[in-house]
Enquirer: 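Below is one structure. I have some questions about it.
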Amino acid sequence: MKLLHLAWRNVLRNTRRSINTIIAITVGLAALIFVWSFIDGMNEQTIENNTTYLTGHLKIHKKGFHEDKALYLSMPYDTVQQTRLSGLEHVIAVTPRIEDKAMLSGDKEARGVKVIGIDPTQEPKVTTIAKAIVAGRYLQAADENSIVLGDNLAKRAGLNVGDQAVLVTQARDGSLAADRYNVVGLYNSGIDMIDTSHVFIPLSAAQELYSLWGQITEWAVRIDERQRAENIAIRMKPDLGTDFEVLTWKQLLPGMVQMVRFHEMMTYIIIFIVIVVVAVGVANTILMGVMERTREFGVMLALGTRQGQIIQVVLLESMLLGLIGLLLGTLFGLGITTYYGATGIDLTQYTLAMETMPGLSGHVFPLVRWDHLFLVSFVTLFISILPALYPAWQVSRFQPVEAIRGSVKSTTHNVFKWPSKTTALRRFPFWSIALRSLWRNPRRSALTSGATAFGLGAFLFLYAFTDGFFEQMINNSIDFSTSHVQIEPRGYRDELSPALFISQPETILAQAQQHPEVVAAAPRIQVEAMISSPTQIEPLILTGVDAVLEPQVTKLDKMIVKGRYLQKNSAMEIVLGRKLADELDVRLGEKVVVTTQLADGSLGPAAYHLVGIYQTDNEIFDRTLGFIDLTQAQILLAMPERISTLTLRLDHRDLSQQVADDLNQELTGTNYQAQSWQQIMPVLVQMIDVSRLMFYVVLVIVFIVVAIGVTNTLFMSVLERTREFGVMLAMGTEPRLIVRMVVYEAVILGLTGIFIGALIGVSLATYYGSHGMDLSAFSGATGRIPGLTDVIYPVLIFNNLWLPTLLLFLTGVAGAFFPAVRAARLEPVTAIRYA
Amino acid sequence: MFIVRIKQVFKRYQQESLFIDALSDINLGISRGEFAALVGPSGSGKTTLLNLIGALDLPTSGKIWIEDQEIGRLSRHERSHLRLKKLGFIFQEYNLIPVLSALENVEYVMLLQGVGEAERRERAMNMLREVRLDGLEHRRPSQLSGGQQQRVAVARAMVSEPIIVLADEPTANLDSNTGAALLDLMRNLNETHGITFVFSSHDPMVIERARRVVRLKDGQIISDDSDQVSL
Ligand SMILES: Nc1ncnc2c1ncn2[C@@H]1O[C@H](COP(=O)(O)OP(=O)(O)OP(=O)(O)O)[C@@H](O)[C@H]1O
Ligand SMILES: [Mg+2]
């Protein structure tokens, strides 16, 4: 107890040092808690929304259905089974469903959708779309041919409450089936992926459409706690027998689970960086605090204090500081998190980017997870005590006499011998003094520079990594799909409707080619369609391309892995992505049927032979696109000589916006507009913004810690040299010269840290930039992002990096301000008296 | 003609509600070429008086002139400049800038004065030779003995040719032989260079070597005898 008392006194005595340490811990911990809660909130929201709106926690299918999604794998609507399942412990409700694909057409446009046949009275017990109705009403028990759509989908298809929608699909027996439905309600879940692609009809109507009388494809199950899903699935299996399969939400939403894992991995990296930077900062402060009191410990040893007791005092001290920091940091962290947890963090500015993570909307509600809070608190306490161990151990080994004379220090700097016959002093006297002053305590200086170096190195590497990530996304998207600039009819992008077209492509082409930056141009027709094989039906964006011109603009022809690319005027040929071909289970030479809605609203099916399969390793490209010859597309859509898009390749990517703007000037008064890749892919641009935002958060934390570190080091070093400054002042050294000397020390510390940090960051980035970083463990997550593949090549973009680096350096130098002013304000008389 | 004149100087320190009269009614003149000791028991005001003469501190009342400048009228900046140009200091301990070698320490003041590099070096070397430290010029203070360190301090105080060198207990940290040797050296320099020295001390060995002894007690001059002057 007496030792604790002593430790407490020491903490109180060194007010400034204690405050510094506490600030370092507090800021670090609060930042950690907030960042982690933010990501946890984001993940929780994603999972919760996906499971509650649509999926439920568990699904029971006929064995093999999850793999095949084939309607012959349906199962009987067995109410006895339903009752038995509902009776299980932790199960809240069980509802029957039929899920399959179809093409929805309204007034304007046809789209591939997912049809969900539901029991209107039981479904709301499992999922919550019923609560997201924004117009009209939800399905009712008495409904026959009613349909509920997402408002977004309805707008694009030109449908409203009261209108009639047509669903066209392949029935269980393989025949083409179609029916009309009255739109009774529109919903808005806030999740774009659901709103644009899911429609709900009564179970009976679905049974009729798919020829599945008396059958369903799944039971959707809601349980009391999501985490129990695996356990409950295991318990259900024996009850169901071998004919059925039970899938948990994790198996049902593997992409989402991987996305969440990907986010978690990013969080761990960020948290790791912050922890290391904070740890070094705290270690520095504590180390100095102990070392500066060598003499005091010498006296204690001389008075007969046992070594163990000294270690205890030192450890107790840092533990006290750690605990205070822990308390304050937790308080602040929880405060901020709770505040935003209630109000939500408004990221609507980045809605598009947020929605790439299905289930996320514009507001993120940070969520405190107690296990994570406990973990960071523990780690923080640990890192505040750990660095004290070394000096405590060292102090306890001092010979009291040496410690009292203070000669322990001189032995340490004899180890690092500094050439004393240097002539640098003659040319840069004050720089030289600053450098030597730092060298007097090399360990302390190394720690401070080290914290800066680590912070910068990690920052640079992460930044290069994300830049590589985005470069790949941008370049692949441009190369495989969008090209640099597209000219298209106004409003076309939203509707992809064949009713919107460019009627004189030649004039527009000539106009575009006036621009010297345009190196190639290719015409296209694009339309939404359904593609079906004998066993499967899938949505498709069908693109008619000119087989000669298109390869000059995009590079998909280079990615063919089987068969060949289209040839000019090749009739009845189609090229598909690897994933889609697998999904449809078609091989080269086999036939597929593509159904589209024509400009007059009628449906036009056409058959094609698969002549080529390409593979970009990106899920979206490989799964959603199909290419046929332009002339063939014009025939299919009954719009000869017309195109929907003119894609332009420029000699340089950076010119895209400029060229698009210029073209738009020239196109005023027409129905056409030019769009740069940035405008075509706003999601991408926003994702980049979001990640920048995240980086600035990390950067701010690194800044604060570096500033505290440098301030600390210099404060210590100024304090130590009070007498020396007193003598300098007495001899007539001007105070501003003293300020300069201290600032020079910060400059040297900062430059060293920045140099080493940049070296580390740049080397890592360069190494991985040429070797690539394999993210295939997260391929489910990366594949969902357009343009991204599994291997990322970090790119160093100097323009993005010099400013943060400079700011970090300036922050360090600014950290010298207080100590420098303190040194300069010393009164020589008191400074010399200072013991 | 005095180079330092002190007229009716009082110095009062306040510690909480307690007033300490460190100096009361001091009148003193110091002429060029003197070698004077301030002597008195602990707390008698020696350091306080030296600090005032050194323009490190200001009197509570009264006036002090260094040549024709009255220090009470000078700004902080001007006093700093005065110290740089006209005064030399030797303190009891930790006198030297630890990161600089002996030679660099001696050069330091000239560096501040803006003396050119070659001249600076030459004058510093000469001065070190005079204090018999040639050969040790590249050593750091931590590699020098206490006596050697004080000799570097003497060299540094003198090298810029100040009008007066002030030394507060320069020998207090030295054994008496070394202390006496240091004093002999100082006196020697005083005689050969005509530089004025004012120093404080308790040590009879040191006081014995002074040519003028000013005795202080409770902040007052109780005797000022130049009897020991034996020119
Ligand atoms: N900064 C200060 N604040 C308060 N009192 C002071 C201060 N400096 C000196 N004193 C007091 O003024 C008086 C004279 O002190 P001074 O240091 O001049 O004595 P000294 O003769 O140099 O003593 P010593 O031989 O011990 O060095 C003492 O009583 C001292 O306590
Ligand atoms: Mg004294």
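Nothing here was measured: the structure is a model prediction, and the numbers come from that model. Chain A is the first sequence line, chain B the second, and so forth, proteins listed ahead of strands; every chain is numbered from 1. Values below: every heavy atom of this structure, side chains too, minus hydrogens, waters and symmetry copies.
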Enquirer: Give the minimum heavy-atom separation between B/Arg83 and A/Leu729, together with the two atoms involved.
Expert: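 That closest heavy-atom pairing would be NH2-O, 2.8 Å.
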Enquirer: Does B/Lys85 have any side-chain contact (heavy atoms from CB on, under 4.5 Å) partners at least two apart in sequence or in another chain, and if so, which?
Expert: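 Checked B/Lys85 against side-chain contact (heavy atoms from CB on, under 4.5 Å); matches are B/His81.
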Enquirer: Tell me whether the count of non-hydrogen atoms from other residues, nucleotides or ligands lying under 6.0 Å of CD in B/Glu122 goes above 12.
Expert: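 No, the 6.0 Å shell around CD holds no more than 12 heavy atoms from other groups.
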Enquirer: Roughly how far apart are B/Arg76 CZ and A/Arg825 CZ, rounded to 0.5 Å?
Expert: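 So the gap between those two atoms works out to 9.0 Å.
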Enquirer: Any idea which heavy atoms bring B/Ile97 and A/Glu724 closest together, and the distance?
Expert: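 Minimum heavy-atom separation between B/Ile97 and A/Glu724: CG2-OE2, 3.9 Å.
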Enquirer: Under a 4.5 Å heavy-atom cut-off, does chain A meet the side chain of B/Arg156, its backbone, both or neither?
Expert: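 Side chain only.
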Enquirer: Is there a donor-acceptor pair closer than 3.5 Å between any side-chain N or O of A/Arg436 and the backbone N or O of B/Pro98?
Expert: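 No: the side chain of A/Arg436 does not pair with the backbone of B/Pro98.
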Enquirer: Does CZ in A/Phe818 sit with more than 12 non-hydrogen atoms of other residues, nucleotides or ligands closer than 6.0 Å?
Expert: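 Open.
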Enquirer: Below 4.5 Å, heavy atoms only, C-beta onward: do B/Tyr108 and A/Thr733 meet side chain to side chain?
Expert: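 B/Tyr108 vs A/Thr733: side chains touch.
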Enquirer: So if I take each residue of residues 738-756 of chain A and look for any heavy atom under 4.5 Å from a heavy atom in chain B, which residues do I end up with?
Expert: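 Expected list: A/Met741.
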Enquirer: Is it true that, when you exclude B/Lys7 itself, more than 12 heavy atoms of the residues, nucleotides or ligands shown sit nearer than 6.0 Å to its NZ?
Expert: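 Not buried by this count: 12 neighbours or fewer within 6.0 Å.
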Enquirer: About how many Å separate CD of A/Glu734 and CG of B/Leu112, when rounded to the nearest 0.5 Å?
Expert: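 The CD atom of A/Glu734 is 8.5 Å from CG of B/Leu112, to the nearest 0.5 Å.
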Enquirer: Starting at CG of B/Leu87, measure out to CE of A/Met731 and round the result to the nearest 0.5 Å.
Expert: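 One finds 12.5 Å between CG of B/Leu87 and CE of A/Met731.
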Enquirer: Within a reach of under 6.0 Å around CZ of A/Arg736, are more than 12 heavy atoms found that belong to other residues, nucleotides or ligands?
Expert: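 Open.
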Enquirer: Measure across A/Ala730 and B/Phe89 and return the closest heavy-atom pair with its distance rounded to 0.1 Å.
Expert: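 The pair with the smallest heavy-atom distance is O-CE1, 3.2 Å.
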